[in-house]
Amino acid sequence: MELGYFWSFFYFYAAIFFLCLGLTDCALGGNETYRLALLEFKAGITHDPLGVMSSWNDSMNFCQWQGVTCGRRHQRVISLNLMSLQLAGSISPHIGNLSFLRELHLANNSFSQEIPSEIGFLSRLQYLYLHNNSLGGTIPSNLSRCSNLINLNVINNQLVGEIPMEIGSLSKLRFSLAMRNNLTGTIPSSFGNLSFLETLGAAQNYFSGSIPNALGKLTTTKALALSSNTFSGTIPSSIFNLSSLKDLYLGDNPLHPGSLPSNLGILLPNLRRLGMYKVPTFGNSHGLLYFYIQSNFLGSGGVNDLSFLSSLTNATKLQLLAVNNNNFGGMLPQQINNFSTMLDTMWFHDNHIFGNIPAGLQNLINLIYFRAAINQLSGKIPTVIGELQNLGPVDLSFNKLSGHIPASIGNLTNLYAISLARDNLQGDIPSSLGNYQNLQELHLSYNNLSGSIPAQVIGLSSLSVYLDLSHNRLSGVLALQVGNLKNLNELHLSQNMLSGEIPSSLGSCVMLEFLFIQGSIPSSLSSLRGLQELDISNNNLTGQIPEFLGDLIYLEVLNLSTTILRVWYQ
């Protein structure tokens with residue numbers, strides 16, 4: 001009888017023992033393991049300006065600590081969410097003891113040191129967000145043990161080394177994002193096994209070698225970002241079989257230019273955003289939203305370089321066109337006036353484009369951003385530009401534009417920055433520029449503008465960043481309204497033909513840090529306590545250097561060259 005009881009108890013406790021082998025929190029100290037693991041994580045925090053960790057104490061159950069979420073039935077930590085809380089420190093290896101963790105959100109902080117390999121113990125983990133930190137070291141290869149991982153995001157850290165090929169075994173992975181790091185090597189061919197992958201982001205690293213042909217097996221992928229690396233060779237033809245692709249970024253790589261099919265718009269019918277290193281033509285591009293080919297070495301400076309733009313008239317949903325920072329020559333085709341009325345951004349700057357600005361731009365009624373600086377554009381600024389009521393910034397500087405600044409440009413009441421510097425513009429500054437209520441920057445330097453500076457312009461109170469009218473032929477007296485520039489940081493009026501004295505009202509512009517002007521120095525300038533640079537060179541001034549200049553403690557540069565002022569100092 002006693003022997004029977006013995007075996008009964010033996011089987012009972014043996015069953016409990018083997019059951020506990022499969023449940024990491026089965027032991028009486030299971031919950032204590034989680035609490036201690038969290039306290040070890042807290043010990044790794046070196047900076048907590050918002051006092052997040054203050055709730056992590058014994059006055060309450062750890063499931064009530066800020067950022068900690070436990071399951072409903074058991075006190076098992078299933079989520080740790082400490083995103084965007086200004087935390088700094090290291091991620092404790094004890095994080096691996098939170099064996100039921102499904103979500104780890106530590107993004108947008110300042111965590112440093114390495115990603116602990118113990119995260120690989122978290123077999124239930126589905127979401128790992130470590131982006132926007134300062135994490136270094138390599139990506140642990142045993143993250144492959146997190147077999148339920150859906151989203152892996154380590155964007156914008158300082159990670160080095162290669163992506164472990166073992167990551168390709170994460171069969172449930174849908175999002176793999178490692179952009180803006182210092183990763184090297186190439187994309188593992190094992191990534192071709194990720195049959196559920198929707199987004200692969202590896203841009204802005206130091207990847208090299210060939211783009212794996214195996215990526216062509218990612219039939220569910222909607223976004224592929226490999227730009228800004230050093231991939232070479234040809235683009236695998238299998239990539240153009242990914243008919244689900246909406247976003248494709250391959251630009252800024254030394255890839256072979258002959259490997260891009262001309263019928264790309266047909267092969268990838270769902271394409272919405274395109275960043276390439278070579279210009280395709282588009283027979284079918286109705287769904288295209290964004291067209292990026294900037295910052296490459298495209299074009300030869302020839303007259304036909306921009307002929308591909310004509311095919312984009314089919315892109316009836318196009319919102320952004322960026323062909324800047326290349327070597328394109330030729331003229332802007334008239335067809336750009338027939339682009340989508342949804343277009344809000346056109347960037348042509350930093351090329352070798354010549355000829356006139358097309359006169360039909362008024363058709364682009366939703367255009368907000370227009371930059372064509374640093375080209376060889378000539379002719380007049382079209383008066384119809386004043387009909388683009390939504391324009392915010394306009395930059396046509398560093399060209400060969402001539403003629404007058406059209407008065408109609410004053411109709412652009414949403415404009416907050418305009419640069420027409422270093423062109424060949426003549427005539428007066430239109431007083432209509434004073435209509436702007438949001439203008440923060442105005443650059444008109446290095447032209448042949450003449451006449452007086454309109455009081456409406458020199459007194460435009462919204463100017464807060466930059467006003468540069470220097471190196472022109474402007475004449476007359478500087479209006480008292482210059483005192484309205486109370487928020488302006490930088491004022492350039494030198495190298496003109498201005499007469500009279502500097503108005504004392506300029507002393508009201510207390511935010512000025514850089515002042516380049518002609519005329520005698522009024523005592524009111526002593527109010528400009530934040531002035532860092534003062535240039536009154538190339539004048540015919542006489543008299544004495546005001547003593548108050550010695551009291552401007554932030555003044556770093558004082559240029560009095562080619563003046564006849566005498567030093568006052570005792």
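Both backbone and side-chain heavy atoms feed into the values below; hydrogens, waters and symmetry mates do not.
- To the nearest 0.5 angstrom, Q440 atom CD is 4.0 Å from S464 atom OG.
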Stepwise side-chain contact (heavy atoms from CB on, under 4.5 Å) test for F175 and N153: CA-CA 8 Å; F175 304 92; N153 190 338; over 6 Å; no
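- Legend: residues meeting ring pair (Phe, Tyr, Trp, His ring centres under 6.0 Å) with Y129, ordered by chain and number and at least two apart, are H105, H131.
- No hydrogens or angles considered: a donor-acceptor pair under 3.5 Å links the side chains of N57 and S59.
- With T186 contributing its side chain and G209 its backbone, the two residues share no donor-acceptor pair below 3.5 Å.
- Side-chain contact check for N213 and S238: at least one donor-acceptor pair (N or O, by modelled atom type) lies under 3.5 Å.
- Taken from OG1 in T234 to CD1 in I239, the straight-line distance is 10.5 Å, to the nearest 0.5 Å.
- A donor-acceptor pair is defined here as one N or O able to donate and one able to accept, closer than 3.5 Å; no such pair exists between the side chain of D350 and the backbone of N324.
- In this structure the side chain of L152 reaches within 4.5 angstrom of the side chain of L143, judged on heavy atoms.
- In this structure, S110 contributes its side chain and A88 its backbone to no donor-acceptor pair below 3.5 Å.
- Put simply, the side chain of S190 gets close to the backbone of M165: a donor and an acceptor are under 3.5 Å apart.
- Checked by atom type and distance alone, the side chain of N97 never pairs as donor or acceptor with a backbone atom of A37 at under 3.5 Å.
- Minimum heavy-atom separation, V68 to W56: CG2-CZ2, 3.8 Å.
- Note that R35 lies outside the cation-pi zone of F62, set by a 6.0 Å cut-off to the ring centre and a 45° limit from the axis.
- Looking at heavy atoms from C-beta onward, N193 lies in side-chain contact with K217 at the 4.5 angstrom threshold.
- The side-chain hydrogen bond (donor to acceptor under 3.5 Å, both in side chains) test applied to Q532 returns E513, not counting sequence neighbours.
- Using a 4.5 Å heavy-atom threshold, the side chains of Y290 and Q319 count as touching.
- In this structure, CD1 on I187 lies 12.0 Å from CD1 on I167, to the nearest 0.5 angstrom.
- S210 places no side-chain N or O within donor-acceptor distance of the main-chain N or O of G233, the cut-off being under 3.5 Å.
- Residues Y369 and N390 form no side-chain contact, since every pair of their non-hydrogen atoms from C-beta on lies 4.5 Å or further apart.
- Put simply, the side chain of V323 reaches to within 4.5 Å of the side chain of F328, judged on heavy atoms.
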Candidate pair L321 and T345, rule side-chain contact (heavy atoms from CB on, under 4.5 Å), full reasoning: CA-CA 6 Å; L321 172 65; T345 301; over 6 Å; no
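- Of all non-hydrogen atoms in P116 and P93, the two that sit nearest each other are CB-CA, 3.9 Å.
- For R272, the CZ atom sits in a packed shell: over 12 heavy atoms of surrounding residues, nucleotides or ligands are nearer than 6.0 Å.
- A donor-acceptor pair under 3.5 Å is formed between the side chain of D305 and the backbone N or O of G329.
- Among residues two or more places apart in sequence or in another chain, the salt bridge (Lys or Arg N to Asp or Glu O under 4.0 Å) test is passed with R273 by D247.
- Annotation: R180, atom CZ; neighbour count of heavy atoms from other residues, nucleotides and ligands within 6.0 Å is above 12.
- Using modelled atom types, one finds a donor on one side chain and an acceptor on the other under 3.5 Å when comparing N132 with N108.
- Atom CG of L320 and atom OG of S340 lie 11.5 Å apart (nearest 0.5 Å).
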Derivation of the side-chain contact (heavy atoms from CB on, under 4.5 Å) call for F370 and L396: CA-CA 8 Å; F370 182 41; L396 300 174; 3.9 Å; yes
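- Aromatic ring centres of Y466 and H443 lie closer together than 6.0 Å.
- One distance of note links OG of S141 with CD of E166; it measures 5.0 Å at 0.5 Å rounding.
- More than 12 heavy atoms of other residues, nucleotides or ligands sit less than 6.0 Å from atom CH2 of W65.
- Within a 6.0 Å sphere centred on NZ of K42, other residues, nucleotides and ligands contribute more than 12 heavy atoms.
- Between N157 and L130, the shortest heavy-atom contact is ND2-O, 3.1 Å.
- Remark: the backbone N or O of S307 is not paired with any side-chain donor or acceptor of N304 at under 3.5 angstrom.
- Side-chain atoms of K246 and N270 include no donor-acceptor pair closer than 3.5 Å.
- Closest non-hydrogen pair, Q158 versus N181, comes out as N-OD1, 3.3 Å.
- You'll find the side chain of F231 reaches within 4.5 Å of the side chain of L226, heavy atoms only.
- Looking only at distances, no side-chain donor or acceptor of S90 sits under 3.5 Å from a matching main-chain atom of E114.
- More than 12 heavy atoms of other residues, nucleotides or ligands sit less than 6.0 Å from atom CE of M83.
- Minimum interatomic distance between E162 and G185 (heavy atoms only, all atoms of both residues): CG-CA, 3.9 Å.
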Derivation of the side-chain contact (heavy atoms from CB on, under 4.5 Å) call for M346 and L361: CA-CA 11 Å; M346 283 202 308; L361 288 178; 4.0 Å; yes
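- Residues L82 and L87 form a side-chain contact, since some pair of their non-hydrogen atoms from C-beta on lies under 4.5 Å apart.
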Residues Q75, N31; criterion side-chain hydrogen bond (donor to acceptor under 3.5 Å, both in side chains); working and verdict: CA-CA 7 Å; Q75 290 188 326; N31 289 345; 3.3 Å; yes
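- In this structure the side chain of L367 never reaches within 4.5 angstrom of the side chain of I365, judged on heavy atoms.
- Smallest separation of non-hydrogen atoms from N229 and N205: OD1-C, 2.9 Å.
- Distance check: I78 CD1 to Y34 OH gives 11.5 Å after rounding to the nearest 0.5 Å.
- Side-chain atoms of N326 come within 3.5 Å of backbone N or O of I293 as a donor-acceptor pair.
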